[in-house]
Amino acid sequence: MTKPYDVIVVGARCAGSPTAMLLARQGYRVLMVDRATFPSDTLSTHVIHPPGVAALQRWGLRDRVIATGCPPILHYTFDFGPFTISGSPRPIDGEAVAYSPRRTVLDKILVDAAVEAGAEVREGFTVDELVVEDGRVAGIRGHDKGGGSVTEHAPVVIGADGRYSLVAKIVESPRYHEKPALQGSYYSYWRGLPHDNSFTAYIRPGRGWGVIPTNDDLTLVVVGIAHENFDAYRHDVEATYLKSLELAPEFAARVDAATRAERFAGTGDLPNFFRKPYGPGWALVGDAGYHKDPITAFGITDAFHSAELLVEALDQSFSGNRPLDEAMADYQQQRDETALPIFELTCQFAAMEPPPPEMQQLLGAVHGNQEAMDDFAGVMAGTLPPPAFFAPDNVGKIMAQAQA
């Protein structure tokens with residue numbers, strides 16, 4: 001018999017590794033498992049918005065990301081066709097810059113940090129089932145490649161295993177705020193495509209795309225299309241992808257002069273939902289507990305935020321300061337209050353339908369007003385909460401300035 005762990009984390013990417021690292025730094029005995037080995041790639045928009053960069057700074061990991069040569073994202077640009085909104089977000093916790101590292105780079109940094117903190121990490125390990133004792137999750141049972149079945153115990157098992165979470169499936173975590181997949185997308189990397197240190201989005205009827213600088217002098221270009229047209233996209237990815245870019249001829253010409261460096265990757269399986277993130281002996285973090293369309297590229301940033309909230313709740317319980325259920329209920333409430341406004345805005349953009357007239361009028365008024373454009377960039381960068389930007393007083397001020 002091995003000594004039981006305090007926590008077992010299933011999944012070692014952007015939600016699991018920070019959770020394991022932070023718990024281990026507080027002295028808890030942590031086992032983290034993942035069926036992948038690292039470094040390895042995964043579908044991702046790569047972007048770490050300024051709140052996520054601030055988290056990396058708190059954890060002492062920001063400089064490691066910078067050292068990989070990943071270029072900074074200094075401003076956000078949204079090309080709507082008739083007009084463009086471009087601004088620089090206000091700082092949050094001292095950070096106003098974003099980064100977009102390859103997942104082969106970022107995930108390895110996070111896994112290594114968890115190991116350095118004292119967490120035990122088993123790569124290439126597949127979880128087959130959860131151990132349940134007296135109605136509570138009490139551990140995992142799984143195997144590594146070619147190995148026999150292994151059972152490990154802990155009073156809390158955390159599912160950080162993505163939107164297809166095995167942990168969530170086994171415990172039958174209920175979903176809420178559900179919306180279907182709204183768009184599907186494919187991306188690739190381009191060499192020789194200037195990026196101007198900008199997160200740039202092009203919004204056109206029924207489709208849109210993002211242009212994001214990343215490691216190795218590459219630029220990620222992800223093209224999304226309304227979900228009802230995704231089957232046609234999937235059957236002829238390259239033609240649909242390139243045809244979409246022609247809706248912005250100047251940008252299409254820049255891509256034509258560049259060189260595609262890798263194959264296309266993507267999916268149309270992008271549901272939007274929240275899951276209840278805790279129950280007897282289990283918890284969920286990251287995409288396992290809350291998933292939304294990647295069009296606003298908030299997945300990594302939200303994973304970092306929910307990891308910090310979860311660790312705080314677990315520490316309060318383990319230290320005897322609060323009952324577990326009470327601390328975890330607060331974790332869910334704080335996560336949802338922060339995430340729901342950007343979730344709703346993301347779903348609105350992902351629908352790829354013309355915005356309501358009021359939104360069109362507001363965006364038109366924002367154009368050319370640098371303060372308002374910076375604030376809109378802040379919303380999309382996570383440094384300004386959407387309710388603050390869309391508050392009646394602020395909207396009234398923007399509209400009055402446009403009329404003046």
Answer with yes or no after comparing the ring centroid distance for [X] and [Y] against a 6.0 Å cut-off, counting only values under it.
X: Y186; Y: F230; answer: yes
X: Y28; Y: F318; answer: yes
X: H49; Y: Y76; answer: yes
X: F251; Y: Y202; answer: yes

Under 3.5 Å donor-acceptor, T151 side chain and R141 backbone: no

Lys/Arg N to Asp/Glu carboxylate O, D79 vs R204, below 4.0 Å: yes

Between Q333 and E337: side-chain donor-acceptor atoms closer than 3.5 Å: yes

Between R102 and T214: side-chain donor-acceptor atoms closer than 3.5 Å: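 Judged by distance alone, the side chains do not pair up.
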
For F349, all residues meeting ring-ring contact (aromatic ring centres under 6.0 Å, His included), sequence neighbours excluded: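 Result, ring-ring contact (aromatic ring centres under 6.0 Å, His included) vs F349: none returned.
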
Closest approach of T240 to I225 (non-hydrogen atoms, all atoms of both residues): CG2-CD1, 4.1 Å

Parallel, tilted or perpendicular, as decided by the 30° and 60° cut-offs, for the rings of Y241 and W190: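 The arrangement is parallel - the two ring planes meet at less than 30°.
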
CA sep, side-chain torsions, deciding dist, call: D161, S165, side chain to side chain donor-acceptor pair (under 3.5 Å): CA-CA 5 Å; D161 46 345; S165 171; 2.6 Å; yes

